[in-house]
Amino acid sequence: MPSFDTVLEPDFVEVRNAVDQSNKEIGTRFDFKGSSAKIELKDKDLTLYADSDFQIGQVMDILVAKLAKRNVDVRFLDTSAKVEKIGGDKVKQLVKVKAGIESDLAKKIQQLIKGSKLKVQAAIQGDTVRVSGAKRDDLQAAIALLRKEVTEVPLSFTNFRD
């Protein structure tokens, strides 16, 4: 039975490269001379450090530009965390890199597919959603539907089996 997996997975090699390039640019830019601005990557979390709220915004802009150059969708970044003050006049912000489909989004995808009247089934399997059906054309229609309806995250479709 033909099937495919719907996943949410960034290319972490490219994310690391973008972080490294951003840190290099921050080190050479005149407006960051003498500041403690930097970006750290640990597992799936980015931590942005700077001297002020304005500089945090600048660091974020540099990171977004470097990610875009490396074809990493910026919708992978969860910037909902507030800017926190740390010792002295320094600030930091935690930015999470989304990986794996959360249960709310998985349920939304499953409901979309059920409501579409396509002859396919969606099953939540951990942090992926497996979609299977009898015809390849139905699966391609399901992919088109998901690309059109789910715009808040950059879904990818892997493991297409015939």
Side-chain angles (χ1 to χ4, degrees), residues 4-86 89-113 116 122 124-131 139-160:
F4 68 87
D5 291 340
T6 306
V7 296
L8 179 65
E9 197 167 289
D11 186 353
F12 279 105
V13 173
E14 294 296 341
V15 171
R16 174 166 296 291
N17 289 339
V19 168
D20 291 344
Q21 283 185 342
S22 298
N23 279 327
K24 194 178 289 186
E25 182 173 329
I26 288 167
T28 58
R29 273 184 43 171
F30 178 75
D31 53 341
F32 287 111
K33 287 282 189 243
S35 74
S36 64
K38 64 181 177 183
I39 303 171
E40 287 181 355
L41 174 65
K42 287 187 181 153
D43 295 328
K44 296 177 183 172
D45 295 336
L46 296 168
T47 309
L48 284 61
Y49 295 96
D51 292 341
S52 66
D53 289 347
F54 177 73
Q55 271 192 347
I56 282 276
Q58 296 260 292
V59 170
M60 188 64 182
D61 289 345
I62 292 170
L63 177 65
V64 166
K66 297 298 180 188
L67 286 170
K69 273 187 182 172
R70 298 198 147 275
N71 293 329
V72 177
D73 200 316
V74 294
R75 293 178 293 175
F76 281 118
L77 300 180
D78 179 13
T79 58
S80 60
K82 298 287 182 218
V83 176
E84 307 170 20
K85 290 212 179 284
I86 52 177
D89 58 345
K90 313 251 186 271
V91 292
K92 76 173 186 175
Q93 181 179 15
L94 184 70
V95 177
K96 293 196 178 295
V97 180
K98 297 177 191 171
I101 297 177
E102 297 170 355
S103 62
D104 296 341
L105 182 60
K107 288 176 186 170
K108 178 183 174 186
I109 290 170
Q110 198 173 26
Q111 293 302 319
L112 270 171
I113 288 175
S116 70
I124 300 170
Q125 296 180 339
D127 58 356
T128 65
V129 178
R130 166 123 343 134
V131 179
L139 292 179
Q140 290 173 339
I143 289 175
L145 172 78
L146 291 176
R147 282 207 171 114
K148 182 177 156 222
E149 296 294 326
V150 182
T151 57
E152 63 268 12
V153 291
L155 293 175
S156 31
F157 307 98
T158 60
N159 210 11
F160 197 100

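When reading the values below, keep in mind they use all heavy atoms of this one structure, side chains included, and skip hydrogens, waters and symmetry mates.
Contact of the Leu67 side chain with the Phe76 side chain is not registered, since no non-hydrogen atoms from C-beta on lie closer than 4.5 Å. Contact of the Ser36 side chain with the Asp51 side chain is registered, since non-hydrogen atoms from C-beta on lie closer than 4.5 Å. When side chains are defined from C-beta on, Ile101 counts as touching Leu155, because their heavy atoms get closer than 4.5 Å. Looking only at side-chain heavy atoms (C-beta outward), Val91 and Gln55 stay at 4.5 Å or farther from each other. You'll find the side chain of Ile113 reaches within 4.5 Å of the side chain of Ile109, heavy atoms only. Annotation: side chain of Val153 is not in contact with side chain of Glu102 (no heavy-atom distance under 4.5 Å). Side-chain contact between Leu46 and Leu77 is present, with at least one heavy-atom pair separated by less than 4.5 Å. Within the 4.5 Å cutoff, the side chain of Pro154 has heavy atoms near those of the Leu8 side chain.
Around CD of Gln21, the count of heavy atoms belonging to other residues, nucleotides or ligands within 6.0 Å exceeds 12. Enclosure of atom CZ in Phe160 by more than 12 non-hydrogen atoms of other residues, nucleotides or ligands within 6.0 angstrom is indicated. Within a 6.0 Å radius of CD in Glu149, other residues, nucleotides and ligands contribute more than 12 heavy atoms. At most 12 heavy atoms of other shown residues, nucleotides or ligands fall within 6.0 angstrom of atom NZ in Lys96. Within 6.0 Å of atom CZ in Arg75, more than 12 heavy atoms from other residues, nucleotides or ligands are found, so the atom counts as buried in its surroundings. Heavy-atom neighbours of Asp43 CG from other residues, nucleotides or ligands within 6.0 Å: at or below the threshold of 12.
With hydrogens and angles disregarded, no donor-acceptor distance shorter than 3.5 Å links the side chain of Asn23 to the backbone of Lys38. With Gln110 contributing its side chain and Ala122 its backbone, the two residues share a donor-acceptor pair below 3.5 Å.
Taking every heavy atom of both residues into account, Lys33 and Gly27 meet most closely at NZ-O, 3.7 Å.
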Review point. side-chain contact (heavy atoms from CB on, under 4.5 Å) between Lys44 and Phe12: does it pass, once the steps are laid out?
Key: CA-CA 9 Å; Lys44 296 177 183 172; Phe12 279 105; 3.7 Å; yes
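Checked against side chain to side chain donor-acceptor pair (under 3.5 Å), Asp78 has the following partners two or more places apart in sequence or in another chain: Ser80.
Ion pairing of Lys98 with Glu152 is absent here, as no side-chain N (NZ or NE/NH1/NH2) approaches a carboxylate O to less than 4.0 Å.
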